[in-house]
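Hydrogens, waters and symmetry mates play no part in the numbers below; they use all other heavy atoms, side chains included. Below, read A as the first sequence line, B as the second, and so on, with proteins coming before strands; counting in each chain starts at 1.
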2 protein chains.
Amino acid sequence: MDSPNNVFTQYLKANGIRQSTQRDSILEVFLGTEKHLSAIELYNLVRRRHPNIGYATVYRAVKVICNAGLAEEVDFGDGVARFEHKYGHEHHDHLICTKCGKFIEVRQPNIEKLQEDLAKEYRFIPTRHKFQIFGICKNCKKYSP
Amino acid sequence: MDSPNNVFTQYLKANGIRQSTQRDSILEVFLGTEKHLSAIELYNLVRRRHPNIGYATVYRAVKVICNAGLAEEVDFGDGVARFEHKYGHEHHDHLICTKCGKFIEVRQPNIEKLQEDLAKEYRFIPTRHKFQIFGICKNCKKYSP
DNA sequence: GTGTAAATGAAATTCAATATCAATTATACC
DNA sequence: GGTATAATTGATATTGAATTTCATTTACAC
Ligand SMILES: [Mn+2]
Ligand SMILES: [Mn+2]
Ligand SMILES: [Zn+2]
Ligand SMILES: [Zn+2]
């Protein structure tokens with residue numbers, strides 16, 4: 001009853017958005033990977049199984065999937081928007097290696113309190129935060145001492 | 001002896017980069033404002049006093065100024081890179097209003113410890129972090145209850 | 001089934017970032 | 001101070017992701 005597909009259908013109905021075969025396919029492919037994909041990368045995956053779905057459709061579908069609460073945009077600062085799963089995934093932040101581009105997902109409950117404290121101090125209503133640590137990962141450190 | 005201009009001159013000398021009148025003018029204009037300017041915004045400011053300095057020169061100068069440690073790039077997620085002073089400004093993070101685009105600069109020492117803890121846990125060598133809280137500011141809250 | 005408004009896909013547009021290249025200029029050397 | 005030369009400049013071109021346009025197709029309410 002509470003599968004991501006149901007959440008999606010529910011969201012579409014509730015907002016008067018039609019359920020198209022293309023969007024269903026795109027959602028299916030997106031759910032089938034655990035990677036942090038850009039729109040183009042997702043498009044290339046989609047194309048394998050569904051060669052006649054256009055890029056614009058993928059681009060627009062990803063936004064709908066985000067609005068439905070199933071995906072979230074992440075920005076690693078390299079000029080392309082990536083998307084990660086949100087359904088069944090608790091909030092996390094990222095350590096990003098500036099050498100190889102790899103990233104590590106980290107959970108850090110203390111940061112939530114930090115957000116609350118700062119927000120309260122400035123009478124700011126927080127909706128989300130972005131915490132990213134840039135640096136050199138374990139592997140890259142090894143190969144360039 | 002330790003003015004930003006001296007830091008700049010030193011940096012240029014130490015790296016075999018020439019000191020041009022254009023770069024000096026651009027640095028001067030940049031230091032003369034406390035705003036978080038994009039390259040184009042800075043270019044428009046520079047143009048007032050120096051109408052024959054081209055955009056490309058401003059674009060390149062900002063990078064040099066960053067490398068000299070006098071400016072830092074900030075990314076508020078709206079697709080344009082902005083630059084803020086670094087000289088004589090301690091590290092801070094930002095609360096960003098998603099309604100009006102305004103931002104609040106905040107200092108939060110605890111976040112440094114958070115960074116260290118996480119880095120140590122993953123044997124990651126951190127160079128910098130980005131902590132941003134998105135939400136609705138005091139003012140925008142007032143005008144849309 | 002039919003009408004209609006939303007969705008699609010190919011192509012065009014936008015816009016910041018970045019590259020190119022001939023002309024100009026800073027500086028090391030004499 | 002003059003000169004060689006390599007860096008810098010500025011106009012312009014290119015790139016690439018994001019976003020829009022629009023004619024055609026399709027979902028779905030009735
Ligand atoms: Mn993630
Ligand atoms: Mn700032
Ligand atoms: Zn790495
Ligand atoms: Zn605001």
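Interface limits on DNA chain D: the 5'-most and 3'-most nucleotides within less than 4.0 Å of chain A heavy atoms are dA17(D) to dC28(D).
In this structure, the side chains of Ile133(A) and Ile96(A) stay at 4.5 Å or more apart for every pair of heavy atoms. Proximity of His129(B) to Ile111(B): side-chain heavy atoms (C-beta onward) are separated by under 4.5 Å at one or more points. Using a 4.5 Å heavy-atom cutoff, the side chains of Lys86(B) and His91(B) are not in contact.
Smallest separation of non-hydrogen atoms from Gln19(B) and Asp24(B): NE2-OD1, 3.1 Å.
Looking at residues 22-50 of chain B, you'll see Ile40(B) sit with a heavy atom under 4.0 Å from some atom of DNA chain C. Of the residues in residues 77-87 of chain B, not one places a heavy atom less than 4.0 Å from an atom of DNA chain D. Interface residues of residues 52-72 of chain B facing DNA chain D, ordered by number: Asn52(B), Ile53(B), Gly54(B), Ala56(B), Thr57(B), Arg60(B); criterion, heavy-atom separation under 4.0 Å.
Between Phe76(B) and Phe103(B), the ring planes are tilted. Angles from 30° to 60° get that label. Between His85(B) and Phe30(B), the ring-plane angle classifies as tilted under the 30° and 60° cut-offs.
Residues Arg128(A) and Glu72(A) are not paired through a salt bridge, judged by the lack of any N-O separation under 4.0 Å between the basic side chain and the carboxylate.
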Criterion side-chain hydrogen bond (donor to acceptor under 3.5 Å, both in side chains) on Asp93(B) and Gln108(B), from CA distance to verdict: CA-CA 8 Å; Asp93(B) 297 294; Gln108(B) 179 47 275; over 6 Å; no

His36(B)/Glu73(B) under side-chain hydrogen bond (donor to acceptor under 3.5 Å, both in side chains): CA gap, chis, key distance, verdict: CA-CA 9 Å; His36(B) 294 58; Glu73(B) 193 178 322; over 6 Å; no

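Each end of the helix from dG1(C)-dC30(D) to dC30(C)-dG1(D) gets its own axis from five base pairs, and the two axes differ in direction by 40°, given to 10 degrees.
Between Phe124(A) atom CZ and Lys141(B) atom NZ the span is 9.5 Å, to the nearest 0.5 Å. From Arg23(B), atom CZ reaches atom CZ of Arg18(B) across 9.5 Å, with rounding to the nearest 0.5 Å. Residue Leu45(A) holds its CG atom at 12.5 Å from CD1 of Ile40(A), rounded to the nearest 0.5 Å. Summarising the geometry, atom CD belonging to Glu28(B) is positioned 11.0 Å from atom CD1 belonging to Ile26(B); distances are rounded to the nearest 0.5 Å.
Within the structure, no pair that satisfies the salt bridge (charged side-chain N to carboxylate O under 4.0 Å, His left out) test touches residues 42-54 of chain B, not counting sequence neighbours.
The backbone N or O of Gly77(B) lies less than 3.5 Å from a partner atom in the side chain of Asp75(B), making a donor-acceptor pair.
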